[in-house]
There are 2 protein chains.
Amino acid sequence: MTKRAISIATVAAEAGVGVGTVSRVLNGSDQVSEATLKRVLSTIERLDYRPLRSASSLSKGRTDAVGILVSVITRPSVMARLVGVIDVLSDAGLDAVVFNVENRAQLDRHLSSIIDQRRVDGIISISLRIPKERIARIRKLSIPLVLVDNSLPNLPCVYIDDVEGGKMATEHLLSLGHRRIGFIGDNARSDLGMSASENRYAGYLMALEAAGIEPDFDLVARGPHSSEAAAVLASALFELRKRRPTAIFASSDTLAVGVIKAAQQHRHKIPDDLAVIGFDNLEVSSILDISTVNQPLLESGIKGASKMVSLLNGEIAKPHREQLVLDVVPRGSSLGIQGNIPTKLYGVVEGPHGLQILQGGEELVS
Amino acid sequence: MTKRAISIATVAAEAGVGVGTVSRVLNGSDQVSEATLKRVLSTIERLDYRPLRSASSLSKGRTDAVGILVSVITRPSVMARLVGVIDVLSDAGLDAVVFNVENRAQLDRHLSSIIDQRRVDGIISISLRIPKERIARIRKLSIPLVLVDNSLPNLPCVYIDDVEGGKMATEHLLSLGHRRIGFIGDNARSDLGMSASENRYAGYLMALEAAGIEPDFDLVARGPHSSEAAAVLASALFELRKRRPTAIFASSDTLAVGVIKAAQQHRHKIPDDLAVIGFDNLEVSSILDISTVNQPLLESGIKGASKMVSLLNGEIAKPHREQLVLDVVPRGSSLGIQGNIPTKLYGVVEGPHGLQILQGGEELVS
DNA sequence: GTGAAAGCGCTAACAC
DNA sequence: GTGTTAGCGCTTTCAC
């Protein structure tokens, strides 16, 4: 219809007011009389006018967008954090610009473009270590930076104590009487600073030492972060025969799934022949009845993003640095109590075409 | 240091040229002499200048960002598509602005802000049906729109034939001699237009009919999209005793996991007492040896985003509408052949501190 | 309260 | 080739 898109000027003209007034209305200023407010509002409505983001960004000097750097986004734990972040930002009216980082080159490239083009007002880093020199630069430009699942002095962050978590997991197995405890973890990814697995390994060693057990590096294995790889590694450990571990601490639930699968194929009974504990408390560990260390994944994203929102509002992030609590969730894979499916949460009813569980409560409300 | 941020004018002044020239350099115009190019470039370098996104956006009339509407982002299948989309956009220098949609209200809200504030140049919708009136509006504003895992006439999209997929899965079970085949799927989410599960159900019915089998609605159950819910529903089906299904088609692998868990708890041997097939071919189905229908998830994201890139370049999306192929992946949960862990892909070596699978090939290269 | 006008930092059309 | 200038659409003084 109209060749030229309608702008604030159009609205001002139509409403018979100045552009300043329209702008005030748009930004919810109280410096506008009841009457003009109404008139402008109805004109906006009638013309179906919406302000252009980039114009107001330029003028205001901010983008109302936050950049999110995510390490290997496909990992369920990372995903859960991301969801928390996105939801909070969304509610705050901020755009979530997501960057997937799978290697150091990508990290550098994305950081450059984000920082230098000032396309976002703030940066949230998930499970990623930002290189020192970048941090310095970000600081100099005074761009808010929040770390989720990572911690650095003087920087707002939400994190857990992976060392402690690894210790807790190992102590759980020790408390069950195990002495030959294996560890299966991720390859070190120093390029991305994903140190969770190695930190949990450190906790594993500490727990062993505290129990007076000499660590046996033949029981330690690392590989890519996949169930398949973990299964292969577990199988390799089983080859030790008599010297094989009676329990395995897998540094994540994804790995634990592979370990359990491998045990089944080798006809090792869980947990009698092999006890297993994972880490993260993913949905899969609950359904497969895998003992694990629970960490608040979604919450970490929510808290991290909340800090960002505060910072962008010129406030100070309340708890500047926040450590979330961990707790061991003992299940069948170590205790041997066959965990039942939590039917209590669900009410099965007769639906129009078969049985049905209606959503609500724990689930989405449609 | 400098109170005023450095702008293109600063650079121009410092380099002793006009802003136009600097702009040309920035945008890689060939209308610049070798000498000036060098001078401007070095000035930019020296001043550490980077153009401001929002300013160029306003001027150019585009944002170089793409909005991605994602239905219930946590679902692994959705995630995989999203990763494909983000990676392609990233490579094309486009920002990926992600919106998580969990209900109709959110869908409306996000669509409004995206469309009306023109904060993005294009929209990619993943596993989501955009309401008719919105489509009309998007069309009128001539904002490129690409559908991933969804299809609508006259719109560029990447999709699969879920009905056919459901048929294939059911036929697989029929070919194994099963006659009492159950179906476990998602609750209909007409608000978000997530019709995959219902379409697969339609295929299930078609396959039964083609085999001359009267559908038994007692063998059909629906619930929230979680393993737990599926386990509860499967347990309910087992209560039918003699009339219980000998095979179950779960409309996704996530549900299939729950079904298998429930079967194990009821001491039903897989696949002798109960055969199971899922859908999606997620990693979990491979490790748990679950038969499934493979669909190219990552690829759907890649292809969808590629179409968007084409559209934004003023080209026409090559295959306007693209249907991806499905194929049944028979595994132990229906065939009963104990699938082995694919060790061939991995080489276990002695690492510095225990065994190790080095990454590469199928895995990330660090 | 409200209008007018001066930017925000960049691009692009136009002169030279 | 290169400089100049007029916008892009909004926000924000600053008068009135």
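Order of the sequence lines sets the chain letters (A, B, ...), proteins ahead of strands, with each chain counted from 1.
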Nearest to side-chain heavy atoms of [X], which nucleotide of [options]:
X: B:Pro51; options: C:dC10, C:dA12, C:dT2; result: C:dC10
X: A:Arg24; options: D:dT11, C:dA4, C:dC10; result: C:dA4
X: A:Leu58; options: D:dC10, C:dA5, C:dC8; result: C:dC8
X: B:Leu52; options: C:dT11, C:dC10, C:dT2; result: C:dC10
X: A:Ala55; options: D:dC10, C:dT2, C:dG9; result: D:dC10
X: A:Ser33; options: C:dG3, C:dC10, C:dG1; result: C:dG1

Practice task
Mind checking salt bridge (Lys or Arg N to Asp or Glu O under 4.0 Å) for B:Arg321 and listing every partner two or more places apart, or none if nothing turns up?
Solution key: none

Completion exercise
Rounded to whole Å, CD1 of B:Ile8 lies from C1' of C:dC10 at a distance of 6 Å

Could you check whether the side chain of [X] and the base of [N] have a donor-acceptor pair of N or O atoms closer than 3.5 Å, going by distance alone?
X: B:Arg118; N: D:dG9; result: no
X: B:Arg53; N: C:dG9; result: no
X: B:Ser59; N: C:dC10; result: yes

Handout entry: Any B:Pro144 side-chain heavy atom under 4.5 Å of B:Met308 side chain
Key = yes

Problem - Greater than 12 external heavy atoms within 6.0 Å of A:Glu34's CD - result: no

Practice task
Verify the distance criterion only: is there a donor paired with an acceptor across the side chains of B:Ser112 and B:Arg134 at less than 3.5 Å?
Solution key: yes

